[in-house]
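In the text below, chain A, chain B and the rest are named by the order of the sequence lines, each starting its count at 1.
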Amino acid sequence: MTHDIHLHHITRIEGHGNLVLNIREGTIEELRLEIVESPRFFEVMLKGRRFDEAPHITSRICGICAISHTTASIKACEAAMDIAPSEETVLLRKILINAEVLQSHILHVYLLALPDFFGVGSIIPMVDTNPDIVRRALRLKRAANEVCRVLVGRHVHPIGMDIGGFKRLPTQKDLDEVRGLLESTAPDMDETIRFFEGIKMPEFNRATRYISLRSKDEYALYDGRLYKKGIPPIEPARYKELITEEVIEYSTAKHARSGDESIMVGALARVNNNYEYLCDEAKEAARRLGLEPPSTNPFMNNIAQVVESIHCIHDSLKLLDLLSSRSLRGEKSQIKVKAGNGVGAVEAPRGTLYHEYDIDEKGVIQGVNCIIPTAQNLLNIEEDIRSMVPTIIELPKNEIEQRLEMLVRAYDPCISCSTHFLEVKFVE
Amino acid sequence: MSSNEKKVLILGLGNLLMGDDGVGIHIVNELRRINFPDFVDIIDGGTAGLGLLEMLSDYQRVIIIDAIRDKQGSFSGMRLFSPDDLNEESEGAVYSMHDMELGSCLVLMKRLEMNTPPISILGVSAKNISPTMELSAECKRFIPEAVRFIKKMITDHTQT
């Protein structure tokens, strides 16, 4: 069987890209996940700027992951200058990361991935056929965004977050409002679990290397050491021992790997690596939704996102209890400008995000490296496609195309972080 | 009409890190220097995506400022259009860089029977969309005109 397929313009991912796939006599001759637009040279943009501009500039890289970029940037600056944030600062940052993960996962599982399972091209037709589902998704997303608004002004470009602390500390009234918002999600999240119990993910398994932060104390999103099964966890500052990036001829975004292996980051990687730290409610959701770690089915990343959404809500409520048990003092750590190198790693919704800065004695950034989650998953997506195509090669072309698009979407790729556009092609 | 009923949103969209794509944000930053009536909110919406949906329904009138891309590299300047023109414009001379997000939000709002205020879109032609925080000279020169135009729109709205 021969297919020269250009799968052109994968929809419902955050960005555009091309997937070129040429199949001759049942064998893949060519497979390229292309990123066609010039990369955003954020790294170059930061060089020569003061360190305290970096969190605000990098918050603009992505409208979905603004808090993650801001947090990674803040952590890199703090690491470079030996600034230790207060406990209350860390608690608040964890709530913000939870809220961002929640809003991003809800956006993806409901509005971007779900139309595949209803056989429609986008969420728009579902407004007429399944308005309750759409309204539920929008309510949940709004609640998560509102948490960010109350704490740091807004989700997109969180102006309240800062190096060493917060520009304005939330009041107890703000924290109560955040609690109310999170508690209000309970009926919708219960319904979300019931709903996804009825959604069957495609069967496809390929074991790969799952990388995420890992902590001894908690389900690691804000902090931890880097973990890949089979090796002891390492400090984020040593990330280059675990992750290498390379420029691919056909893509203007860098692809990452670990040694000779492709890797997967994101919700499924985190659940696989840190399942024991999920809250009981999230573990129960995983059980009901058939997610048994370690899962090697990339489509289960969708389910892992539902499970993490449950965890983020319950974990935030616990963090609020901790915050309320102590008086908010608004202490901001002293910043003493000095030369240094710092790495900030955080679990963004789509996976581990790294910012590394070299800062000189005047506080000017002289070197930058930023690795986004999607760049880490690109090679793994290609490997999955290579493995999956022989299992679906007998299907009609439109079904092959749909299955491959679903696979790419399951990774929730956000190409807009690395480039402005990504399109996917099937060549014929 | 009470002030509450007049509640107006001036919303800049775009990415400040992508050159002229961020012109809407540059313009709202200029507008912030002006003392508008209390019923006018000026928001830097960045690349808010579906977050727009939550923002728009809270207002009685919305003015969006965004970059537009001309057909085949021409540079047409500044123009005012309505959301109804958006799809039509996409086929022709210009379209918003963020049309899918804005368009999707508006369709969702309409289908969900949410409060959808009258919306005007002030599009400014983008010359250079690439990773830089600087605007092109061609794009920058439209900022004063855009500011004057928005001021007049608010004055007209106040008098209605």
Side-chain angles (χ1 to χ4, degrees), chain A residues 11-12 14 16 37-46 49 53 56-66 69 103-104 106-107 110-112 122-129 131-132 134-135 137-139 141-146 148-149 153-159 416-417 419-421, chain B residues 9 11-22 24-26 28-29 32 41-58 66-67 69 87 95 97-116 126 128-134:
Chain A
T11 56
R12 280 182 278 128
E14 294 292 335
H16 303 281
E37 191 76 1
S38 61
R40 293 178 175 181
F41 295 102
F42 301 123
E43 297 172 356
V44 174
M45 215 176 274
L46 285 180
R49 292 188 177 271
E53 289 182 83
H56 307 294
I57 292 172
T58 57
S59 77
R60 301 272 176 178
I61 291 175
C62 177
I64 306 286
C65 304
H69 274 291
Q103 66 83 24
S104 177
I106 292 297
L107 171 71
Y110 271 112
L111 303 181
L112 304 179
S122 80
I123 193 70
I124 303 289
M126 291 180 62
V127 176
D128 295 328
T129 57
D132 292 347
V134 179
R135 287 181 196 279
L138 294 177
R139 276 195 304 272
K141 190 171 184 320
R142 178 165 195 154
N145 281 350
E146 281 292 288
C148 301
R149 183 192 62 73
R154 56 187 164 161
H155 170 250
V156 181
H157 321 317
I159 49 180
S416 48
C417 278
T419 66
H420 205 49
F421 297 102
Chain B
L9 170 64
L11 177 67
L13 294 180
N15 192 334
L16 270 182
L17 307 186
M18 292 297 286
D20 292 349
D21 189 60
I25 312 301
H26 288 277
V28 296
N29 286 341
R32 284 212 176 94
D41 284 347
I42 300 173
I43 294 181
D44 161 6
T47 49
L50 269 174
L52 292 173
L53 188 138
E54 297 148 20
M55 247 182 250
L56 301 182
S57 60
D58 288 340
D66 199 356
R69 188 159 59 176
N87 291 337
Y95 63 91
M97 297 301 168
H98 309 279
D99 59 345
M100 285 308 289
E101 290 157 354
L102 180 60
S104 299
C105 285
L106 296 174
V107 170
L108 276 176
M109 289 175 78
K110 195 172 174 184
R111 297 271 187 101
L112 291 167
E113 297 174 352
M114 294 170 71
N115 171 44
T116 309
N128 173 39
I129 308 280
S130 65
T132 171
M133 292 178 73
E134 301 297 322

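The CD1 atom of A:Ile123 sits 11.5 Å away from the CZ atom of B:Arg111 when rounded to the nearest 0.5 Å. Put simply, CD1 on A:Ile61 and CG on B:Leu16 are 12.5 Å apart, with the number rounded to the nearest 0.5 Å. To the nearest 0.5 Å, atoms CG (B:Leu17) and OG (A:Ser59) are separated by 8.0 Å.
Across every non-hydrogen atom of A:Arg142 and B:Ser57, the tightest pair is NH1-OG, 4.5 Å. Residues B:Pro131 and A:Met45 come closest through the heavy atom pair C-CE, 3.3 Å.
Using a 4.5 Å heavy-atom threshold, the side chains of B:Val107 and A:Val127 count as separate. B:Asp44 places a side-chain heavy atom less than 4.5 Å from the side chain of A:Arg60.
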*I would like to know whether B:Met133 and A:Ile57 meet side-chain contact (heavy atoms from CB on, under 4.5 Å); could you show each step before the answer?*
CA-CA 9 Å; B:Met133 292 178 73; A:Ile57 292 172; 4.0 Å; yes
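Heavy-atom distances place no part of A:Arg139 under 4.5 Å from chain B, backbone and side chain included.
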